[in-house]
Peer 1: 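First the structure, which I've put down as structure tokens, then a few questions once you've had a look.
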Amino acid sequence: MNNKTLDTSRPQNFFGTSEARLKEIFSNWKVETYRVHQVFTWVYHYRCTNFSEMTNLSKSLRSRLAENFYFSLPKIQHRTHSKDGSTKYSFELDDGVIVESVWMPSDSRNTLCLSTQAGCRLNCSFCLTASLGLQRNLTTSEIIGQYLAVNGEQENQITNIVFMGMGEPLDNYGPVVDALHLMTSPEAMKVSTRKITVSTAGLVDKMKTFQKENLAINLAVSLNASDNATRDQLMPINKKYPIEVLIDCLKKYPLKPRRRHTIEYVLLADVNDSDEDARRLAKWLRDVPCKINLIPFNSFDSSEYRPPAEERILQFQNFLIEQNFSTFVRRNRAADILGACGQLAAQSAVNTPGSSGASFENP
Ligand code: SF4
């Protein structure tokens, strides 16, 4: 949890305010901490964003809250609808920065893929978001706000959340962790930890800190190569945290019973899709509790990469299944609207052909 010093100099967005932070503020105000629960119930259960209507609070507390907090969600600038039922949302933030989220409904679940950074600095060579560089980190309220804005206008509620949009979540550590606490808190948004997945390119130091957060959130690790030379090319972060270091971290990562990690592997023709790659991948993952998602690459104009042929994809998958790995081929949702894995790039804002992240449905 991020402990920030109390800043009473200007009003804050309530949606970025964690339970711990509000308790700290109420304590400074000499207000009973159980009042935090009452306020959260009004906001997150009754969707009340007018303090004056919170009638079980004293009038003085209501006006003090109104003086110190406001409610603001990111503005939906544009919706792009896919043939497969997905919708890509472009959000305009207060400073004009654009970020994107993807809503992916299906028969069994409604998944929201949300962004944690505007752009990304990890520079993965297959990712369109990387072309933006890092514009800035999102605040907790901007992360939560994507969820609240989409949930507020969809008839069917969001059931699953994946942190796989623009940005590397663990590179914006504090705001992401605060957002996760708000999402999973029984006092606030009450989303099950089982229904949330955070994707990472493998920031091992942050993964070690993250496992101590008492969050039990699912982790999806983008591996994408079976040897360090290839991974260095695809994901420069590998030079800092090579495969053996990442795998060692995953082997030691504490998991709740019946949970396992997700290994993401973007399949690139003639780069990482050979039989030898499949063999090496199986060897690396032998003692890692995991399932494997194979993601055929989504081509975009400026990319040098191509997806493998269908037969190659199935051979790769079958080899891993024969090695007793639960292995799935994930067909990207929203690919026709540049909303799929590695294609979020806030193109309307930067006038580039689409970007990052990953927005497939079943991490
Ligand atoms: S794949 Fe993820 S970590 Fe890599 S550049 Fe794209 S957004 Fe960043």
Side-chain angles (χ1 to χ4, degrees), residues 88 90-91 97-102 112-138 142-143 146 161-173 175-176 197-207 210 218-225 228 230-243 246 249 262-268 271-272 293-300 302-305 307 330 332-335 338-347 349-350 352-360 363:
K88 181 168 74 174
S90 299
F91 289 100
V97 164
I98 306 291
V99 294
E100 294 174 338
S101 313
V102 185
L112 182 70
C113 173
L114 50 76
S115 294
T116 55
Q117 296 178 307
C120 184
R121 63 178 177 148
L122 295 198
N123 206 22
C124 301
S125 61
F126 54 86
C127 173
L128 197 48
T129 304
S131 64
L132 299 175
L134 178 63
Q135 296 176 296
R136 71 168 173 85
N137 287 325
L138 301 197
E142 289 165 343
I143 297 168
Q146 296 167 65
I161 304 168
V162 294
F163 284 63
M164 297 182 180
M166 297 167 70
E168 158 59 51
L170 298 187
D171 193 36
N172 182 19
Y173 190 85
V176 165
T197 300
V198 169
S199 176
T200 179
L203 274 60
V204 172
D205 288 349
K206 296 284 173 54
M207 289 165 67
F210 190 62
N218 303 312
L219 209 58
V221 174
S222 294
L223 194 55
N224 302 330
N228 279 319
T230 306
R231 197 165 191 265
D232 283 352
Q233 293 293 317
L234 297 176
M235 307 179 74
I237 192 69
N238 193 65
K239 291 173 187 155
K240 185 167 183 188
Y241 304 113
I243 297 178
L246 178 55
C249 175
T262 300
I263 301 296
E264 296 168 352
Y265 194 97
V266 174
L267 279 168
L268 306 162
V271 175
N272 64 1
N293 281 346
L294 302 176
I295 308 151
F297 179 65
N298 289 291
S299 298
F300 52 89
S302 55
S303 176
E304 62 191 278
Y305 300 115
R330 296 302 185 199
N332 278 285
R333 301 287 304 269
L338 287 176
C341 174
Q343 293 187 317
L344 297 182
Q347 57 187 134
V350 297
T352 68
S355 126
S356 141
S359 53
F360 37 90

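Every number for a ligand or one of its atoms is a count from 1 in the order of the listing.
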Peer 1: Would you mind listing which atoms of ligand 1 come within a distance below 4.0 Å of any non-hydrogen atom of Asn123?
Peer 2: 5 (S)

Peer 1: For residues 197-206, pull every pair meeting salt bridge (Lys or Arg N to Asp or Glu O under 4.0 Å), keeping only residues two or more places apart or in separate chains.
Peer 2: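 Sorted pair list comes back empty.
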
Peer 1: Which of the numbered atoms in ligand 1 are below 4.0 angstrom from a heavy atom of Ala130?
Peer 2: 5 (S)

Peer 1: Thr230: which residues meet the side-chain contact (heavy atoms from CB on, under 4.5 Å) condition with it, sequence neighbours left out?
Peer 2: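 Applying side-chain contact (heavy atoms from CB on, under 4.5 Å) to Thr230 gives Ala225, Asp227, Leu234, Val271.
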
Peer 1: Below 4.5 Å, heavy atoms only, C-beta onward: do Pro242 and Asn228 meet side chain to side chain?
Peer 2: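 Answer yes - side chains close enough.
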
Peer 1: Side chain to side chain contact (heavy atoms under 4.5 Å, CB included) with Gln117: which of Val99, Leu132, Asn137, Ile143?
Peer 2: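 The side chain to side chain contact (heavy atoms under 4.5 Å, CB included) with Gln117 is passed solely by Asn137 among Val99, Leu132, Asn137, Ile143.
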
Peer 1: Distance check below 2.8 Å: does Cys124 bring an N, O or S atom to atom 4 (Fe) of ligand 1?
Peer 2: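 An N, O or S atom of Cys124 is closer than 2.8 Å to atom 4 (Fe) of ligand 1, so yes.
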
Peer 1: Which one of Ser199, Cys120, Gly133 has a non-hydrogen atom at the shortest distance from atom 8 (Fe) of ligand 1?
Peer 2: Cys120

Peer 1: Below 4.0 Å, non-hydrogen atoms only: which portion of Ile237 touches ligand 1? Side chain, backbone, both or neither.
Peer 2: neither

Peer 1: Is a donor from one side chain sitting under 3.5 angstrom from an acceptor on the other, for Tyr305 and Ser125?
Peer 2: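 Per modelled atom types, Tyr305 and Ser125 side chains form a pair under 3.5 Å.
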
